[in-house]
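Right, one structure below, let's go through it.
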Amino acid sequence: MVTVTRISKDKGTFYKVDLSEGTSLKVSEDILVRYRLLKDQELTNETIEEIKRNSGFDFGFQQALNYLSYQLRSEKEIRTYLKEKEVLLEDRNKVIARLKELNLVNDVVYGKSFVRTNVRLNNKGPKKLAQQLQQKGLKSEIIQQALLQYSKEDQVDTACQVAEKLFDKNHGKSRKELLKKIQQNLMNKGFTQETIQQALASLPQEVDQELEYQSLVVQGEKLWHKNSRFEPKKRNLKIQQHLYQKGFDLEMIRRFITEKEEELSE
């Protein structure tokens with residue numbers, strides 16, 4: 001027979017039960033009461049094994065509840081978390097089954113909540129959302145069900161908002177380069193090409209010539225300083241090539257170079 005030598009409070013709602021053979025048990029308050037564990041109590045090996053089996057589920061269940069207290073989780077996330085906490089597979093399955101009975105784990109509810117939150121806070125497109133939900137372990141049919149609440153109209157509205165914000169933050173870029181940046185940003189966020197084109201079409205279509213030239217000057221001044229060590233012909237060619245690659249109009253580029261040369265000659 002094995003004797004209980006000490007019972008002490010452990011983390012959370014658990015207790016540590018030290019045994020005379022040098023081992024210890026980590027049990028919940030429920031197990032403590034159910035088996036009436038007290039100091040100097042004698043336990044058979046069968047009872048100890050039974051306590052271990054029941055304690056594994058209790059520990060896993062409490063860990064899962066704590067993990068869920070911060071936010072909704074997918075079934076895969078909880079399984080991964082319990083595995084990291086060294087909860088046995090058998091107990092992980094029991095914990096998940098119990099959580100489902102209590103409706104604390106529901107991938108359909110999780111998927112819909114995930115979509116709503118990421119559309120509202122992160123302006124993500126359907127492709128990105130589907131990819132992230134797949135990584136969370138959701139089945140394809142559940143992912144499609146969750147994305148149904150993200151209508152085509154809402155996707156276009158969200159993409160347009162992202163495009164407008166980026167368009168208004170133009171810091172020294174040509175219109176072509178800016179549109180390319182906006183397109184890439186929307187692609188990275190997971191919007192379809194059709195939606196991206198609609199978002200780009202919603203932006204002002206006419207080029208503000210003065211603003212475009214101001215943007216050119218911002219980049220041109222840096223290039224002029226960077227290439228000032230070269231002789232004029234080579235310097236001008238390098239500046240022209242770089243600005244043209246950035247999407248600026250060739251006539252504007254020549255205007256800038258001419259004005260800079262006139263400054264030097266004064």
Side-chain angles (χ1 to χ4, degrees), residues 1-118 121-122 128-147:
M1 299 286 283
V2 178
T3 304
V4 176
T5 59
R6 184 170 179 263
I7 298 176
S8 56
K9 190 75 172 68
D10 204 358
K11 294 180 180 179
T13 59
F14 290 89
Y15 291 82
K16 182 181 178 184
V17 179
D18 295 321
L19 304 176
S20 57
E21 60 179 7
T23 61
S24 62
L25 302 171
K26 187 173 184 177
V27 302
S28 65
E29 188 173 356
D30 178 63
I31 294 290
L32 202 67
V33 173
R34 192 191 313 171
Y35 288 90
R36 299 177 182 178
L37 297 176
L38 299 168
K39 184 180 178 181
D40 298 327
Q41 178 181 354
E42 293 185 339
L43 301 173
T44 64
N45 289 331
E46 291 76 10
T47 300
I48 292 173
E49 289 303 313
E50 185 179 333
I51 290 173
K52 286 180 179 179
R53 287 195 298 273
N54 290 326
S55 295
F57 167 79
D58 279 357
F59 174 73
F61 188 65
Q62 289 299 322
Q63 289 295 319
L65 290 179
N66 181 62
Y67 190 50
L68 283 164
S69 66
Y70 300 102
Q71 64 183 61
L72 289 176
R73 308 285 184 179
S74 68
E75 180 179 332
K76 180 184 178 181
E77 285 181 309
I78 296 174
R79 286 187 178 277
T80 301
Y81 181 77
L82 292 177
K83 185 177 181 180
E84 291 172 352
K85 293 295 181 179
E86 299 182 350
V87 176
L88 298 177
L89 177 60
E90 181 182 356
D91 291 323
R92 296 201 297 270
N93 291 335
K94 290 180 181 178
V95 170
I96 292 295
R98 181 57 179 153
L99 291 173
K100 286 183 176 180
E101 288 176 6
L102 297 172
N103 203 32
L104 293 175
V105 173
N106 186 320
D107 278 356
V108 173
V109 173
Y110 175 86
K112 290 181 178 179
S113 175
F114 185 91
V115 170
R116 286 195 302 271
T117 300
N118 280 277
L121 299 180
N122 300 316
K128 188 70 171 181
L129 293 173
Q131 180 185 36
Q132 291 181 319
L133 287 173
Q134 188 176 36
Q135 292 170 348
K136 299 288 186 181
L138 272 66
K139 297 177 181 178
S140 58
E141 58 267 25
I142 295 178
I143 294 174
Q144 293 306 313
Q145 186 178 345
L147 289 173

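What you find for V95 and A64 is that their closest heavy atoms are CG1-CB, 3.9 Å. Scanning all heavy atoms of the two residues, the minimum distance from L38 to Q41 falls at N-OE1, 2.9 Å. Here the closest heavy-atom approach between residue V87 and residue G56 is recorded as CG1-O, 4.2 Å. Scanning both residues, I7 and K39, for their nearest heavy atoms gives CD1-N, 4.0 Å. In terms of heavy-atom proximity, R92 sits nearest to R79 at CD-O, 3.7 Å.
To the nearest 0.5 Å, atom CZ of residue F61 and atom CG of residue L99 are 5.5 Å apart. The distance from atom CG of L88 to atom CG of L82, rounded to the nearest 0.5 Å, is 11.0 Å. We find the CD1-CD distance between I143 and Q134 to be 5.5 Å, quoted to the nearest 0.5 Å. Taking CD from Q63 and CD from E86, the interatomic distance works out to 11.0 Å, rounded to the nearest 0.5 Å. Note that CG of N122 and CD of Q132 are 8.0 Å apart. Values are rounded to the nearest 0.5 Å. Between atom NZ of residue K76 and atom CG of residue L138 there is a gap of 10.0 Å, rounded to the nearest 0.5 Å.
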Let's go through V17 and I31 carefully: what are the C-alpha distance in whole Å and the side-chain angles of both, what is the deciding distance for side-chain contact (heavy atoms from CB on, under 4.5 Å) to 0.1 Å, and is it a yes or a no? CA-CA 11 Å; V17 179; I31 294 290; over 6 Å; no
Test log, rule side-chain contact (heavy atoms from CB on, under 4.5 Å), inputs V115 and L133: CA-CA 9 Å; V115 170; L133 287 173; 4.0 Å; yes
side-chain contact (heavy atoms from CB on, under 4.5 Å), that's the test. Do N54 and R34 meet it? Break it down for me. CA-CA 11 Å; N54 290 326; R34 192 191 313 171; 3.6 Å; yes
Check against side-chain contact (heavy atoms from CB on, under 4.5 Å), I51 and L37: CA-CA 10 Å; I51 290 173; L37 297 176; 4.1 Å; yes
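The environment of Q135 atom CD is dense: over 12 non-hydrogen atoms of other residues, nucleotides or ligands sit within 6.0 angstrom.
Residue pairs meeting the salt bridge (Lys or Arg N to Asp or Glu O under 4.0 Å) criterion with at least one partner in residues 50-71, sequence neighbours excluded, are E49-K52.
Contact of the I48 side chain with the L19 side chain is registered, since non-hydrogen atoms from C-beta on lie closer than 4.5 Å. Contact of the M1 side chain with the T44 side chain is registered, since non-hydrogen atoms from C-beta on lie closer than 4.5 Å.
A cation-pi arrangement is found for R73 relative to Y67, the charged atom lying closer than 6.0 Å to the ring centre and inside a 45° cone about the ring normal. With a 6.0 Å cutoff to the six-membered ring centre and a 45° limit on the axis angle, K26 does not count as a cation-pi contact of Y15.
For D18, the side-chain contact (heavy atoms from CB on, under 4.5 Å) criterion is met by T5, R6, K16, S24, not counting sequence neighbours.
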Sequence neighbours left out, cut at 3.5 Å: what donor-acceptor pairs do the side chains of residues 100-110 make with other protein atoms?
unit_1	atom_1	unit_2	atom_2	d
K100	NZ	E75	OE1	2.9
E101	OE1	R98	NH1	2.9
N103	OD1	N106	ND2	3.3
N106	OD1	V108	N	3.0
N106	OD1	V109	N	3.2
D107	OD1	E75	N	3.0
Y110	OH	E77	OE1	3.4

